[in-house]
Participant: 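My questions will all concern the structure given below.
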Amino acid sequence: MDTISQGRFTSLSTDFFNRDPRRVARGLLGKLLIRKTPSGILAGRIVETEAYLGQGDAAAHTAAGRTPRNAVLFGPPGHAYVYFIYGNYYCLNVSCLPDGVPGGVLFRSMEPIAGIEQMAEARGIELPNNAVEETGLRKISLLKKISSGPGRISEALEITRERDNGKNLVSPRSDRRIVDDGDRVRRVAVTPRIGIVKSAEQPLRYYIAGNPFVSGHS
DNA sequence: GAGGAGATCGTCT
DNA sequence: GACGATCTCCTCT
């Protein structure tokens, strides 16, 4: 058990990810994505995910079989799959299902929790003084640009393919991992995934209903 | 507030 | 050689 500011949290187990990506995507809502850096801990609460099924899912990177790029998704569960998109952005996924069976979950959006100033700086956003102490709608509008969106999450947590692809996200020794601080999600909404063309109709996007940090349309 | 276009490059065909 | 699990900026309303 570690502590982050005033809270406590426990690591998720490998078994948590050794399941159907749809169950993992739903289960990850409310959990914390954290990264330890030399200058402090960065953390955000996961509020939006998308499941990518390894088999029978034309939109998944694994649809056409194993390649050097997607190898992590075919590997053991609980590892980071990071890919580069549109010449500009990195997107973070976590591998699911047993070694040899492809599948994963994309992190689409998170609510900034700790290390907010550092994450804003990594994103090139200048927060006004006392932004962290703000409340209500004003705070939401200030913080939403930090990590609402797949590319934004990676930039805020300083995640790159070169450094993070294939890294273990459950080991307590890892400097980037997914943990549970006891938060319980009340209501989960399910919609089709965003930004894809193939298999676009399947309801595989999950988000915390009513959470203001969800990206896109909620 | 909504909608459209450009940026930019790794990956696979 | 085409395209993509995105984001930002700009324009129009």
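Each chain gets a letter, A, B and so on, in the order the sequences are listed, and its residues count up from 1.
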Participant: Figure out the OH/C1' separation between A/Tyr83 and B/dC12, and round it to whole Å.
Facilitator: 16 Å

Participant: Take atom NZ of A/Lys167 as the centre, draw a 6.0 Å sphere, and report whether it contains more than 12 heavy atoms from other residues, nucleotides or ligands.
Facilitator: yes

Participant: Counting distance only, does the side-chain N/O of A/Lys145 pair as donor-acceptor with the main-chain N or O of A/Ser141 below 3.5 Å?
Facilitator: no

Participant: Nearest whole Å is fine: how far is C/dG4 P from A/Ile85 CD1?
Facilitator: 9 Å

Participant: According to the Watson-Crick and G-U wobble definition with distances under 3.5 Å, which dot-bracket string, read 5' to 3', encodes DNA chain C, using [ ] for crossing pairs and | for pairs with another strand?
Facilitator: ||||.|||||||.

Participant: Looking at A/Tyr52, I'd like to know if the NZ or CZ of A/Arg193 sits under 6.0 Å from its six-membered ring centre while staying within 45 degrees of the ring's axis.
Facilitator: yes

Participant: Taking only the side-chain nitrogens and oxygens of A/Arg108, find out if one of them lies under 4.0 Å from OP1 or OP2 of C/dT6.
Facilitator: yes

Participant: Output the rounded distance in Å from CZ (A/Arg69) to P (C/dG4).
Facilitator: 12 Å

Participant: Report, one pair per line, the protein and nucleotides 5-7 of chain B atoms (nitrogen or oxygen only) whose separation is under 3.5 Å.
Facilitator:
from: B/dA7; atom 1: N3; to: A/Asn88; atom 2: ND2; distance (Å): 3.4

Participant: Side chain of A/Thr67 only, please: which of B/dC12, C/dT6, B/dT11 is the nearest?
Facilitator: B/dC12

Participant: Please name the residue in the list A/Asn18, A/Val24, A/Asp15 that meets the side-chain contact (heavy atoms from CB on, under 4.5 Å) test with A/Pro77.
Facilitator: A/Asn18

Participant: Whole-Å distance between B/dT11 C1' and A/Tyr90 OH?
Facilitator: 14 Å

Participant: Can you name the one residue among A/Leu33, A/Ile113, A/Asn211 that meets side-chain contact (heavy atoms from CB on, under 4.5 Å) with A/Arg45?
Facilitator: A/Ile113

Participant: On DNA chain C, compare the nucleotides closest to A/Lys198 and A/Pro150; which residue's is nearer the 5' end?
Facilitator: A/Lys198

Participant: Taking side chain as C-beta onward, heavy atoms only, is A/Leu106 less than 4.5 Å from A/Cys91?
Facilitator: yes

Participant: Which is more 5' along DNA chain B, the nucleotide nearest A/Phe84 or the one nearest A/Pro68? Just name the residue.
Facilitator: A/Phe84

Participant: With side chain to side chain contact (heavy atoms under 4.5 Å, CB included) as the criterion, how do A/Tyr207 and A/Thr49 come out once you've worked through the C-alpha distance, each side chain's angles and the decisive distance to 0.1 Å?
Facilitator: CA-CA 6 Å; A/Tyr207 62 88; A/Thr49 58; over 6 Å; no

Participant: Check A/Thr62, A/Ile196, A/Leu204 against A/Asp57 for a side-chain contact (heavy atoms from CB on, under 4.5 Å) and give me the one that passes.
Facilitator: A/Leu204

Participant: For A/His61 and B/dT11, give me the distance from atom NE2 to atom C1', rounded to whole Å.
Facilitator: 10 Å

Participant: Pick the closest DNA chain C nucleotide for A/Glu155 and for A/Glu50 by heavy atoms, then say which residue is nearer the 5' end.
Facilitator: A/Glu50

Participant: Has A/Arg161 got a side-chain N or O lying under 4.0 Å from the OP1 or OP2 atom of B/dC9?
Facilitator: no

Participant: B/dG10 C1' sits how many Å from A/Asn165 CG, rounded?
Facilitator: 13 Å

Participant: Atom CG of A/Leu92 to atom C1' of C/dT6: distance rounded to whole Å?
Facilitator: 15 Å

Participant: Side-chain N or O of A/Arg123 less than 4.0 angstrom from OP1 or OP2 on C/dT6?
Facilitator: no

Participant: Flag this pair as yes if the NZ/CZ of A/Arg19 is under 6.0 angstrom from the six-membered ring centre of A/Phe16 and inside a 45 degree cone about the axis; otherwise no.
Facilitator: yes

Participant: Walk me through whether A/His61 and A/Tyr83 qualify under ring pair (Phe, Tyr, Trp, His ring centres under 6.0 Å).
Facilitator: CA-CA 10 Å; A/His61 285 184; A/Tyr83 66 89; 4.5 Å; yes

Participant: A/Ile125 CD1 to C/dC9 C1': how many Å, rounded?
Facilitator: 15 Å

